[in-house]
Every structure is written in structure tokens, then in C-alpha cells.
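Below: one structure, written as C-alpha cells.
Please read these numbers as outputs of a predicted model, since none were measured by experiment. Position 1 is the first residue of the sequence, and the numbers go up from there. What's counted below: heavy atoms across the whole structure, side chains too, no hydrogens, waters or symmetry copies.
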Amino acid sequence: MFLSVFDLFKIGVGPSSSHTMGPMVAGARFLEALRQQPFRAAGLRASLHGSLAFTGKGHATDRATILGLAGFVPETMDALTAEEALAANRDSRSLSPEGLGTLRFDPDNDLIFDYDNALPGHANGMTLSATDAQGDVIFHQVYYSVGGGFVLTEEELARKGSEDRSDAVAKVPFAFSTAAEMLEMSAKSGKSIAQMKRANELVFRSDAQLRDGLMKIWQVMRDCMDRGLEARGILPGGLNVRRRAGSIHERLLAERGMNLTAPHVINDWMSVYAMAVNEENAAGGQVVTAPTNGAAGVVPAVIRYWLDHVPGATERALPDFLLTAAAVGGLIKHNASISGAECGCQAEVGSASAMAAAGLAAVLGGTPEQIENAAEIALEHHLGMTCDPVKGLVQVPCIERNGLGAIKAVSAASLALRGDGHHLVPLDAAIETMRQTGRDMSEKYKETSLGGLAVNIPNC
């Protein structure tokens with residue numbers, strides 16, 4: 001199994017990797033497939049199913065789908081240009097993707113939220129179609145947004161996860177697919193988890209490309225956090241949720257250095273870092289999936305805590321943090337899920353917390369066994385967590401939940417480092433338990449906003 005660190009940490013836009021980034025990527029892929037067809041289309045049509053339908057409005061899936069079919073992609077999307085494209089579509093009821101001419105697309109009629117017919121492959125399904133001048137479908141493709149911005153066609157999903165780049169497995173020197181294999185390879189090679197992950201990455205890119213790419217990821221994370229710590233106001237979507245990270249941060253700065261500050265205030269620092277990221281995500285800003293948008297605040301919050309509050313921390317060790325975190329995230333995605341629509345929030349914030357705990361344990365000098373233990377502790381204590389966003393928005397409980405995920409990650413790493421790496425529950429068992437729990441979880445608790453807080457909190 002091989003997933004690149006850049007597969008787990010993607011630069012994109014909020015509020016959701018599954019509902020925003022995925023549909024945009026699907027749209028871009030569909031346009032490319034359409035360009036290869038021998039006929040000329042006259043129009044486009046999109047149908048959203050499952051979680052994409054139920055929480056699509058709150059997650060801005062309609063906007064993302066239109067932008068994807070207009071040719072935008074998450075990593076390079078300019079917010080102002082995107083708004084201009086959406087306005088042009090509202091006026092003209094058409095789209096003009098590169099190389100395909102002007103295509104009819106009336107969002108009132110051609111963008112369908114199908115609440116009744118789930119697609120069989122995954123909870124996040126969508127069908128994109130091209131039509132002729134009479135409005136008849138002449139080409140279509142089913143796509144599944146499987147979490148973290150990953151998109152699979154119906155055929156790719158049937159081949160059981162081509163997004164894991166199985167063709168690359170034979171090329172990498174450390175192709176571990178379980179935590180047990182990871183630890184065994186580490187023991188035999190004498191390499192750390194980060195060193196093995198680095199060796200795998202260097203098969204596909206130079207050392208400079210890897211280093212620069214990792215530092216760019218951190219720069220985007222930190223810029224997002226800094227914007228969130230400065231911003232004020234009400235988040236979009238109708239819940240009237242106030243941004244809180246900025247004002248909390250101000251008070252923390254004012255208290256810094258006071259002799260009577262309680263030790264537990266460090267938890268507030270971790271929470272405010274995570275909340276700043278997720279408030280930016282909720283506002284549709286640029287974020288890094290870590291491994292998803294809904295959980296994007298956990299890993300950067302723990303990194304910021306480590307760099308700004310732990311003596312001896314240095315950005316020179318940052319690649320080891322991200323590479324170790326990606327190794328754990330890849331195991332979780334390969335053997336379970338990082339999709340809230342598939343396994344609930346245990347798969348999003350739980351996975352992020354496990355990744356952050358592993359990364360922190362690594363840069364604090366943990367052994368591979370202690371790192372694996374840290375990830376297991378963090379994941380174990382998120383098991384069963386539901387995904388129940390109020391009004392389908394990635395705001396309540398998502399923003400605060402990232403803060404608590406960061407706190408758990410730091411606690412898990414610290415606890416693991418107090419031991420020698422020997423523990424009862426292996427990380428592989430926690431991952432499999434998460435998969436089984438997600439399989440058994442009621443659909444109303446899996447990003448459909450049909451249960452939990454979503455139905456017990458007034459939406460207006």
C-alpha cells in the first residue's frame with residue numbers, strides 16, 4: 001500500500017473535502033473525459049446522491065459542482081474568479097469550460113439533489129452527464145467522493161481503491177499496509193517511520209521537491225491559521241455562528257506571562273489554533289486536508305503547539321512530523337476510512353488526532369513502538385464519534401471538535417512517551433474497530449444531518 005504524503009495533505013478550499021473538493025475534482029475529470037469523446041455536447045447535468053444530497057446545500061456542494069464543471073480545481077481556485085464564474089452562470093444559465101464551447105447548464109433544472117436514490121458504491125455519489133441539443137443524455141459518468149478530496153469513478157471503485165496507487169507498491173522500498181508490517185520493517189531496517197516514508201516518497205520525487213512540498217503544506221496551514229486568528233464576524237450559512245478564535249487568542253496573549261495562569265490554559269492555546277483553521281474552512285477559505293477539511297485543524301494545531309510552546313522545537317524537524325502523520329493516515333484510509341459519510345466523525349477527527357499524535361511523538365523522540373501507541377490511543381478514544389453537522393454546515397460541532405481532537409492528540413503522545421511502546425490494543429485493532437463501527441453506525445449519524453445534534457438544535 002502506498003499513499004503519498006501529498007495525497008493525505010492536499011491544498012484546497014473549504015468547507016468540505018468530500019462535498020467541496022471532491023465534486024470539483026469530479027467535474028474536472030468529467031470535462032477531460034468529455035473532451036475525448038467524438039461528439040459535441042450541448043449541455044451538462046449533475047445529480048447528487050446520498051450525503052452529497054442531504055448536506056450538499058450546507059457544504060456548498062452545489063457551488064463546487066458548478067465550479068468543477070466550469071473547469072476550476074481546488075488547489076488553484078481563485079475565490080474572486082470563482083464568484084465571477086458563478087454569477088455568470090446565474091445570468092447565462094450556461095458554462096464555457098476550456099475546449100468544449102458554451103454548454104447549457106441551468107442550476108435550477110440541471111443540478112439535482114436526489115434524496116431518494118443512493119448510489120451503491122459510497123455514501124458520497126454523483127452522476128455527471130452531457131446532453132445533446134434535445135436534452136437527451138449522450139454521455140455520463142458516476143463518481144464517488146470517498147473522503148479527503150479523493151474521487152473514484154464507478155469503475156475505479158469496483159477495482160477496489162485505485163486511489164491507493166497500488167501500481168506504485170512494487171516500486172517503494174517499504175510497502176507496509178498494516179501497522180504491524182510498519183513496525184516489523186522499521187525493526188529490520190533500523191529506520192524510523194519517517195525515514196521509511198521518506199524513502200518511499202523519494203521514488204517519485206527529488207529530495208528538494210519533497211522538502212519544498214512539505215514546507216509549502218505547513219506554510220498554507222500556518223497562513224490559514226493566522227487568518228483565522230485575525231478574522232472576526234459571523235460565519236456564512238445561516239446559523240449565525242460567531243468566529244471566536246480571534247477574541248480568545250487576544251485574551252490568551254494578554255494573559256501570557258502571568259504567574260497565576262493555570263496550567264490547563266495550554267489546552268485553550270491548542271483549541272484556538274484548531275478553531276482558527278476550521279473557522280476559515282467554514283468560511284470557504286484555503287485549507288489543507290489533514291486528512292479532510294472537516295478535520296483540517298487538528299494536525300496544524302498540534303504542530304503550532306509543538307513549535308511555539310515546546311522547548312527545543314524547530315521547523316527543521318517538521319518533515320518528520322508530517323511524514324510520520326501521513327504514514328498513519330495512509331494506514332487508516334487503506335484499512336478503514338477517512339470519510340465522515342462512510343464512518344462518522346471518528347473517521348475524520350479521529351484519524352486526524354491519530355495522525356497528529358504520531359507526528360508529535362516522532363518529533364519528541366519517540367520510538368516506532370511509542371509512535372504506534374500514540375496513534376492507537378488517539379484513535380481508540382474517538383471510536384463511535386458521529387458526524388451530525390447542524391444544518392449540514394461544517395461549523396457545529398465541527399469547529400470545537402477539532403480543538404478537542406488536538407488536545408487528545410497531545411495527551412495521547414505524552415502518555416505513549418511515558419511508556420516503552422508495549423500496550424494491549426494494537427493500532428491495527430483500533431483501525432479495524434473503527435471500520436466495523438462505521439459499518440454498523442446508523443446512516444443518520446453519518447454526515448446526513450438526520451440525527452444527533454443536527455435534529456436537536458434549532459437550525460434557524
Side-chain angles (χ1 to χ4, degrees), residues 8-22 24 55 58-61 63-64 67 72-83 148-149 216-250 252-253 268-305 307-308 340 345 348-349 352-353 356 389-406:
L8 277 300
F9 297 111
K10 297 186 183 76
I11 298 172
V13 293
S16 170
S17 48
S18 295
H19 290 65
T20 309
M21 292 173 60
M24 287 179 67
T55 59
H59 284 72
T61 309
R63 292 165 49 90
L67 290 172
F72 288 81
V73 292
E75 185 171 357
T76 59
M77 191 193 87
D78 175 74
L80 180 59
T81 306
E83 289 300 325
K216 182 179 180 181
I217 286 172
W218 170 235
Q219 188 63 53
V220 174
M221 285 179 171
R222 186 146 196 165
D223 288 348
C224 174
M225 191 183 303
D226 288 342
R227 290 194 306 272
L229 292 173
E230 291 293 329
R232 301 292 190 274
I234 304 296
L235 292 172
L239 282 181
N240 294 316
V241 172
R242 290 184 299 108
R243 287 179 178 259
R244 291 181 292 157
S247 60
I248 294 173
H249 188 235
E250 277 186 357
L252 287 171
L253 288 173
D268 298 340
W269 283 97
M270 286 183 273
S271 291
V272 81
Y273 293 148
M275 290 169 63
V277 172
N278 284 88
E279 287 176 356
E280 278 296 290
N281 179 63
Q286 187 181 57
V287 297
V288 176
T289 64
T292 68
N293 282 24
V298 177
V299 170
V302 174
I303 294 175
R304 184 75 172 261
Y305 157 76
L307 287 174
D308 289 6
C345 200
E348 295 204 34
V349 171
S353 188
V390 177
K391 204 178 179 181
L393 300 169
V394 193
Q395 297 179 19
V396 178
C398 318
I399 294 170
E400 286 182 355
R401 189 168 283 175
N402 275 256
L404 273 293

Do Ser17 side-chain atoms and Asn293 backbone N/O form a donor-acceptor pair below 3.5 Å? yes
How would you list, by chain and number, every residue that makes a side chain to side chain donor-acceptor pair (under 3.5 Å) with [X], sequence neighbours excluded?
{"X": "Thr55", "result": "His19, His59"}
{"X": "Trp269", "result": "none"}
{"X": "Thr81", "result": "Asp78"}
{"X": "Ser353", "result": "none"}

Pairing residues for [X] by the salt bridge (Lys or Arg N to Asp or Glu O under 4.0 Å) criterion, not counting sequence neighbours:
{"X": "Arg304", "value": "Asp226, Asp308"}
{"X": "Glu230", "value": "none"}
{"X": "Glu83", "value": "Arg63"}
{"X": "Arg244", "value": "Glu400"}

My understanding is that only residues two or more places apart in sequence, or in another chain, count here; which of them pass side chain to side chain contact (heavy atoms under 4.5 Å, CB included) with [X]?
{"X": "Val13", "answer": "Thr20, Met24, Met77"}
{"X": "Ala356", "answer": "Val298, Val299, Val302, Ala409"}
{"X": "Ala301", "answer": "Tyr273, Ala274, Ala406"}

So which pairs with a foot in residues 280-292 pass salt bridge (Lys or Arg N to Asp or Glu O under 4.0 Å), sequence neighbours left out? Arg227-Glu280, Arg243-Glu280
